[in-house]
Amino acid sequence: MLTSRAGSASHRNLKCQMISSDELKKQAALAALEQVEDGMKLGLGSGSTANHFIRGLGARVRGGLSVVGVPSSERTAELARAEGVPLATLEELPHLDLTIDGADELDSRLRLIKGGGGALLREKIVAAASSRMIVIADGSKLVETLGAFPLPIEVNHFGIGATTAAIADTARRLDMPASLTRRLAADGSPFVTDGGHAIIDASFGLIRDPEALSLALAAIPGVVEHGLFIGLASAAVIARPEGISWLVA
Ligand code: 5RP
């Protein structure tokens, strides 16, 4: 437990307020790191929470731990290399023991929205190749119903207008609102994923039936992958100012 040892409730509250979300992400990452064992083949997620995990993993590797990681993005590969974590590809290692990754949202049934960093396609491939996936997150990511975070949808550039219209039609059929925005990079140019695709950020409102939406989106030609991860996560470590908790499937 991470609860303060300070005596008064007001002192405890003050300390809770002072823990940043980045510090909570780090606490979740380090708690998940305890699940890593010598000899494991690991899927390495992407994003600021996953980066904390990779830095912690690097420290353990420098201390003698023997693992190999498959990165889910070019940025993750770069950080893992800098940390001295040995890397491989899914061609070399098609089956992984454990993937550790962040999420943009998760619910109590371990259904996730991912792709805020634009790495959802490789993240999903790596997670699906793993026996277990542990999600690491600060408490703000755990929601009752998915959907406040716009769902990232990775699409092929060819026919992007038709694909966008088909996503809007799908939402109408499922009786959901849809506000669809093409993601831009920091310099204002269209965002391009590691796989060379575009991302459409889709605000559907609250997603009451993630399974139905997932199947419907996956059936649209031009949709390469979407950020609903269903049935992939086996556990989640949630860090809140009051302490760490685990959600298990
Ligand atoms: C990247 C992701 C990330 O896991 C997600 O965006 C969470 O990011 P962060 O850990 O920075 O909050 O899906 O594609």
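Whatever order the structure lists them in is the order used to number ligands and atoms, beginning at 1. In this text, all values refer to a predicted model and were calculated from it rather than measured experimentally.
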Checklist entry - According to the side chain to side chain donor-acceptor pair (under 3.5 Å) rule, which pairs have a member within residues 127-137, sequence neighbours left out? => result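 Found T99-S130.
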Checklist entry - Looking at ligand 1, does S46 have a heavy atom less than 4.0 Å from it? => result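 Distance cut 4.0 Å: S46 passes for ligand 1.
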Can you check whether [X] reaches [Y] side chain to side chain, under 4.5 Å on heavy atoms?
| X | Y | answer |
| --- | --- | --- |
| D209 | L174 | no |
| L112 | L228 | no |
| L180 | I167 | yes |
| M133 | L98 | no |

Would you say [Y] and [X] are linked by a side-chain donor-acceptor pair, where the criterion is simply a distance under 3.5 Å?
| X | Y | answer |
| --- | --- | --- |
| S179 | S203 | no |
| S20 | E23 | no |
| S189 | D187 | yes |

Any idea which protein heavy atom is nearest [atom], and the distance to it?
| atom | answer |
| --- | --- |
| atom 4 (O) of ligand 1 | K114 NZ, 2.9 Å |
| atom 9 (P) of ligand 1 | S48 OG, 3.3 Å |
| atom 1 (C) of ligand 1 | E123 OE2, 3.1 Å |

Using a strict cut-off of 4.0 Å, indicate which atoms of ligand 1 neighbour a heavy atom of [X].
| X | value |
| --- | --- |
| K25 | 9 (P), 11 (O), 12 (O) |
| K141 | 7 (C), 9 (P), 12 (O) |
| G118 | 14 (O) |
| A119 | 14 (O) |
| G116 | 6 (O), 13 (O), 14 (O) |
| A103 | 4 (O), 5 (C), 7 (C) |
| G102 | 4 (O) |
| G115 | 2 (C), 13 (O), 14 (O) |

Next on the checklist: Between ligand 1 and A50, is the shortest N or O to N or O distance under 3.5 Å?
Outcome noted: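 There is no such contact.
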Next on the checklist: Quick check: G117 and ligand 1, any N/O pair under 3.5 Å apart?
Outcome noted: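 By distance alone, the answer is yes.
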Item to check | Between CZ on residue F229 and CZ on residue R111, distance to nearest 0.5 Å | outcome: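 Answer for the CZ-CZ pair, F229 versus R111, is 15.0 Å.
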Checklist entry - Nearest non-hydrogen atom to atom 6 (O) of ligand 1 belongs to which of T49, D101, D104? => result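 Result: the heavy atom closest to atom 6 (O) of ligand 1 is in D104.
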Checklist entry - Does atom NZ of K124 have more than 12 heavy-atom neighbours, drawn from other residues, nucleotides or ligands, at distances under 6.0 Å? => result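 Yes - once you tally the heavy atoms of other residues, nucleotides and ligands closer than 6.0 Å, there are more than 12.
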